[in-house]
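FYI, side chains are in, hydrogens and waters are out, and symmetry mates aren't considered; it's all heavy atoms of this structure. Please read all numbers here as calculations on a predicted model, not as lab measurements.
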Amino acid sequence: MRSWSKRELVLSALVVLAAVIAPYVVARSLGRLLPGSATLFLLFLYAWVAALVMGVPFFLWARMGRRLWPWILGLTACLGLLLLLATDVNAADNLLAVITGYHNNEATGFLLLFAMLTCGGMLFGVLLAAVIAWFLRKIDY
């Protein structure tokens, strides 16, 4: 296993940024085309787009021998923090009000939902990339 170069770390940070932005753009674009009853499909798509954006480059990095477990641990910690925040929306709203300056419990709940979908999709994409790369490495030998 080789460690990450600085260039690859910057590229992976850009992939994470793209995995956060891409589901929003896809859901907004398709949301205008689909009927209002397609909300559940758009939420499903939200997680899968994040998984796809994270999975493809991380699969290539895993095939090159890069360690993915720090990314998996970091995304698991972020998802755990989001789940912990979701247990008390009022506390999460108070934390968010420090940054934004206003309170809105409903918006905070939806923000946590979309953050959990995105982070869960990203975690699933990296896990799937690691498993498939490990499985293919076993086949190659």
Output the distance between atom [atom1] ([X]) and atom [atom2] ([Y]), rounded to the nearest 0.5 Å.
| X | Y | atom1 | atom2 | answer |
| --- | --- | --- | --- | --- |
| Thr76 | Leu83 | OG1 | CG | 10.5 Å |
| Leu117 | Phe124 | CG | CZ | 13.5 Å |
| Leu73 | Leu68 | CG | CG | 11.0 Å |
| Leu81 | Met116 | CG | CE | 11.0 Å |
| Phe114 | Cys119 | CZ | SG | 15.0 Å |

* Under 3.5 Å, is there a donor-acceptor pair between the side chain of Thr118 and the main chain of Ala115? -> no
* Is Trp71 reaching over with its side chain to a backbone N or O of Leu127, donor-acceptor style, under 3.5 angstrom? -> no
Would you name the heavy atoms of [X] and [Y] that are closest together and state the gap between them?
| X | Y | answer |
| --- | --- | --- |
| Arg137 | Arg63 | N-NH1, 3.5 Å |
| Leu95 | Leu85 | CD1-CD2, 3.7 Å |
| Ser3 | Glu8 | O-OE1, 4.4 Å |

Transitively linked via ILVMFWY side-chain contacts under 4.5 Å: [X] with [Y]?
| X | Y | value |
| --- | --- | --- |
| Tyr24 | Leu30 | no |
| Leu9 | Val126 | yes |
| Leu34 | Val26 | yes |

Report yes if some heavy atom in the side chain of [X] is under 4.5 Å from a heavy atom in the side chain of [Y]; otherwise report no.
| X | Y | value |
| --- | --- | --- |
| Leu79 | Leu75 | no |
| Asn94 | Val98 | no |
| Met122 | Val20 | yes |

For residues 38-61, run the donor-acceptor check on the side chains, cut-off 3.5 Å, and write out each pair with its distance to 0.1 Å, sequence neighbours left out.
from: Thr39; atom 1: OG1; to: Gly36; atom 2: O; distance (Å): 3.1

